[in-house]
There are 2 protein chains.
Amino acid sequence: MSPPAAPVHPVTPLNELARAEAAPSFSPLYRQIKGLILKGLQAGEWKAGETIPSEMDLAARFGVSQGTVRKAVDELAADNLLVRKQGKGTFVATHAEQQQQYRFLRLTPDGDAAASLGRQLLDCKRQRAPAFIAKLMQLRAGDPVIEIRRLLHSGGQPVVLDDIWLPGALFKGLTAERLLEHRGPFYGLLETEFGVPMIRAQEKIRAVAAEEDAAALLQVAPGSPLLSVERLAFTYGDKPVELRRGLYNTTHHFYRNDLN
Amino acid sequence: MSPPAAPVHPVTPLNELARAEAAPSFSPLYRQIKGLILKGLQAGEWKAGETIPSEMDLAARFGVSQGTVRKAVDELAADNLLVRKQGKGTFVATHAEQQQQYRFLRLTPDGDAAASLGRQLLDCKRQRAPAFIAKLMQLRAGDPVIEIRRLLHSGGQPVVLDDIWLPGALFKGLTAERLLEHRGPFYGLLETEFGVPMIRAQEKIRAVAAEEDAAALLQVAPGSPLLSVERLAFTYGDKPVELRRGLYNTTHHFYRNDLN
DNA sequence: GAGTGGTCTAGACCACCAC
DNA sequence: TGGTGGTCTAGACCACTCA
């Protein structure tokens with residue numbers, strides 16, 4: 001066992017950089033690498049569903065060891081931005097796969113027979129953002145937005161009434177026709193056709209009484225209790241790009257959540 | 001400080017074991033270590049809030065490298081069973097800390113001023129488990145259970161009506177008096193006084209109309225929409241030990257959920 | 001300063017997949 | 001058979017806490 005000569009590993013340079021720019025206290029190398037990969041994702045260097053370079057390639061590119069890249073990718077996979085597949089590679093997460101119809105939908109039928117949902121487009125129009133919507137989406141009041149209304153059916157019965165707002169600037173070619181001809185998840189369309197992948201979302205859930213129009217569409221009595229699910233969805237850079245208000249009829253379905 | 005001499009990396013024996021008993025396909029060493037630590041937790045070798053041995057100690061004890069223990073602990077920390085604190089040690093997760101009042105409660109006030117909740121015990125009685133409750137909690141119908149009813153108040157207003165069922169066999173000394181004199185989270189009591197830590201939970205959420213009694217207690221009109229949160233909570237070994245049905249008044253609060 | 005968790009590396013080998 | 005992710009190790013050093 002020959003005693004290790006000198007500090008063999010050039011840890012210092014990047015770490016100095018980190019100390020200089022990181023306000024909080026200290027940013028380990030793998031977190032900086034994570035940031036670089038994230039930048040590549042945001043820049044569209046690798047698109048949803050594609051593979052990113054192998055860990056070895058990334059290690060060479062960034063001048064670090066494979067283990068460090070690995071830890072960075074681990075975190076991105078834990079964030080559901082990447083998906084690792086042993087023997088095949090690491091893939092950019094996507095909403096466009098048939099695996100599980102709607103990645104963000106937590107509604108479950110009572111009998112847990114995973115019945116697929118049918119879609120019915122009610123409306124799709126462009127308009128000016130009302131103040132309260134503009135504020136939540138970090139737009140200016142009056143900015144162009146797209147409003148979409150739709151129903152989701154389970155076993156022939158309407159179960160969800162969605163009201164969706166999107167910033168008009170990002171989704172120029174989005175029309176009712178485009179929506180109607182599209183197969184697969186809505187977020188898949190936004191991701192593949194408009195290059196805006198949904199990364200995460202926050203939901204605020206309340207119980208509300210059905211108003212006249214919603215009651216009619218969901219085929220329940222006015223005043224019936226409905227689950228109101230207000231969702232704000234984000235792309236890269238924590239940029240909000242969708243505001244959605246879903247009204248769920250929870251007579252034969254529930255919203256499931258796991259705590260730990 | 002004589003390390004266990006002989007086979008320096010006894011990877012094989014444990015792995016053989018894994019291959020033999022693991023039906024799926026292959027269980028890496030760190031996952032077996034995870035299982036061993038889990039067994040220690042379940043056996044009460046280290047109690048909630050205490051520290052577990054250092055990574056080095058565990059590595060020596062299990063005859064593996066520190067890195068392997070580290071990966072095991074990483075997963076347990078990701079599962080919120082352990083909490084790492086740099087420079088201090090690794091601690092068994094607990095509900096009994098004042099840090100964040102209720103670890104599993106997702107109710108948030110509208111103005112996001114984190115108002116603390118006041119408790120009001122309504123009832124605490126022992127009885128025989130109705131069939132539907134027994135089934136969910138893996139008991140026999142007629143087994144003794146404890147039923148607790150309580151209100152949570154925010155700013156003087158009642159917001160949550162909880163109906164809680166616990167298996168009587170596990171919580172012998174649990175009485176109304178005991179509940180009244182206890183400070184801190186309910187799960188903290190179960191954990192420190194009865195040695196039953198709550199590890200994870202599943203919630204099913206619906207919108208319902210307030211019935212007479214619930215409406216009166218929550219001071220809303222009968223028929224008002226309320227959020228119904230049905231929670232099944234588990235200890236170690238995926239054993240269900242609490243069934244709870246909360247009715248939330250979501251007029252000035254909401255149930256928050258983050259998706260990714 | 002001693003002890004704990006946290007980072008980083010280098011290298012060997014294993015499991016899985018596709019060609 | 002070669003490439004990819006996955007595991008395991010050993011050893012050095014860093015960051016944080018506390019006596």
Side-chain angles (χ1 to χ4, degrees), chain A residues 1-19 22 24-34 37 46 50-60 62-78 82-92, chain B residues 1 3-4 7-16 18-19 22 24-34 37 46 50-60 62-78 82-92:
Chain A
M1 296 290 275
S2 54
V8 185
H9 316 309
V11 180
T12 353
L14 272 171
N15 258 342
E16 297 292 348
L17 191 79
R19 287 216 187 82
S25 66
F26 159 75
S27 176
L29 191 46
Y30 76 83
R31 220 173 264 288
Q32 303 172 46
I33 303 301
K34 181 184 179 186
I37 298 175
W46 317 290
E50 296 178 2
T51 91
I52 67 169
S54 77
E55 295 180 350
M56 280 309 206
D57 288 352
L58 289 172
F62 296 131
V64 300
S65 81
Q66 190 220 11
T68 300
V69 168
R70 171 155 266 274
K71 183 132 201 213
V73 172
D74 276 345
E75 285 207 354
L76 290 166
L82 296 178
V83 178
R84 322 188 74 138
K85 292 184 185 169
Q86 185 174 159
K88 300 181 72 174
T90 302
F91 298 76
V92 181
Chain B
M1 61 168 261
V8 187
H9 311 318
V11 180
T12 353
L14 273 170
N15 258 341
E16 297 293 345
R19 286 217 187 81
S25 66
F26 158 77
S27 174
L29 191 45
Y30 75 83
R31 221 173 262 287
Q32 303 174 46
I33 302 302
K34 180 183 179 185
I37 298 176
W46 317 289
E50 296 177 3
T51 90
I52 68 169
S54 76
E55 295 180 351
M56 281 309 208
D57 288 352
L58 288 172
F62 296 131
V64 301
S65 81
Q66 189 220 11
T68 300
V69 169
R70 171 154 268 275
K71 184 131 202 215
V73 172
D74 275 346
E75 286 205 356
L76 290 166
L82 296 178
V83 179
R84 322 188 74 139
K85 292 184 185 170
Q86 183 174 163
K88 301 182 72 174
T90 301
F91 298 76
V92 182

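Below, chain A is the first sequence line, B the second, and so on; all start at residue 1.
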Would you say [N] has OP1 or OP2 under 4.0 Å from some side-chain N or O of [X]?
| X | N | answer |
| --- | --- | --- |
| A:R70 | D:dG5 | no |
| A:S65 | C:dA10 | no |
| A:S54 | D:dG3 | no |

Quick check for you: among [options], whose closest atom lies nearest to any side-chain atom of [X]?
| X | options | value |
| --- | --- | --- |
| A:K71 | C:dT7, D:dC8, C:dT4 | C:dT7 |
| A:P28 | D:dC8, C:dA15, C:dT7 | C:dT7 |
| B:T68 | D:dT9, C:dT7, C:dG5 | D:dT9 |

So do the side chains of A:F62 and A:L29 get within less than 4.5 Å of each other, counting heavy atoms only?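 No, too far: nothing below the 4.5 Å cut-off.
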Return the value, rounded to whole Å, for the distance between atom [atom1] of [X] and atom [atom2] of [N].
| X | N | atom1 | atom2 | value |
| --- | --- | --- | --- | --- |
| A:Q32 | D:dC14 | CD | C1' | 14 Å |
| B:L58 | D:dT9 | CG | P | 14 Å |
| A:I52 | D:dG5 | CD1 | C1' | 11 Å |
| A:D74 | D:dG6 | CG | C1' | 10 Å |
| B:M56 | D:dC13 | CE | C1' | 12 Å |
| A:Q66 | D:dG3 | CD | C1' | 12 Å |
| B:Y30 | C:dA15 | OH | P | 14 Å |
| B:I37 | C:dG5 | CD1 | P | 11 Å |

Per the 3.5 Å Watson-Crick/G-U criterion and a run length of at least three, the stems involving DNA chain C are C:1-18 with D:1-18
Residues that [X] engages under side chain to side chain donor-acceptor pair (under 3.5 Å), provided they are two or more places apart:
| X | value |
| --- | --- |
| B:E50 | none |
| A:Q86 | none |
| B:D57 | none |
| B:K71 | none |

If you measure from CD1 on A:I37 to OG1 on A:T90, what distance do you get to the nearest 0.5 Å?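 Atom-to-atom, A:I37:CD1 and A:T90:OG1 are 9.0 Å apart.
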Check for a donor-acceptor pair, side chain of A:Q32 on one end and backbone N or O of A:S27 on the other, with a separation under 3.5 Å. yes
Testing the basics here: between [X] and [Y], what is the closest heavy-atom pair and its distance to 0.1 Å?
| X | Y | value |
| --- | --- | --- |
| B:L82 | B:V92 | CD2-CA, 4.0 Å |
| A:W46 | A:T51 | CD1-O, 4.2 Å |
| A:L58 | A:P53 | CD1-O, 3.6 Å |

For B:D57 and for A:R31, find the nucleotide of DNA chain C with the closest heavy atom, then tell me which residue's nucleotide is more 5'. B:D57
Any N/O pairs under 3.5 Å between the protein and nucleotides 17-19 of chain D? List them or say none.
| residue | atom | partner | partner atom | Å |
| --- | --- | --- | --- | --- |
| D:dC18 | OP1 | B:K88 | NZ | 3.3 |

Would you indicate what B:T51 reaches in the nucleic acid, counting non-hydrogen atoms under 4.0 angstrom: base, sugar-phosphate, or nothing?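 Touches nothing.
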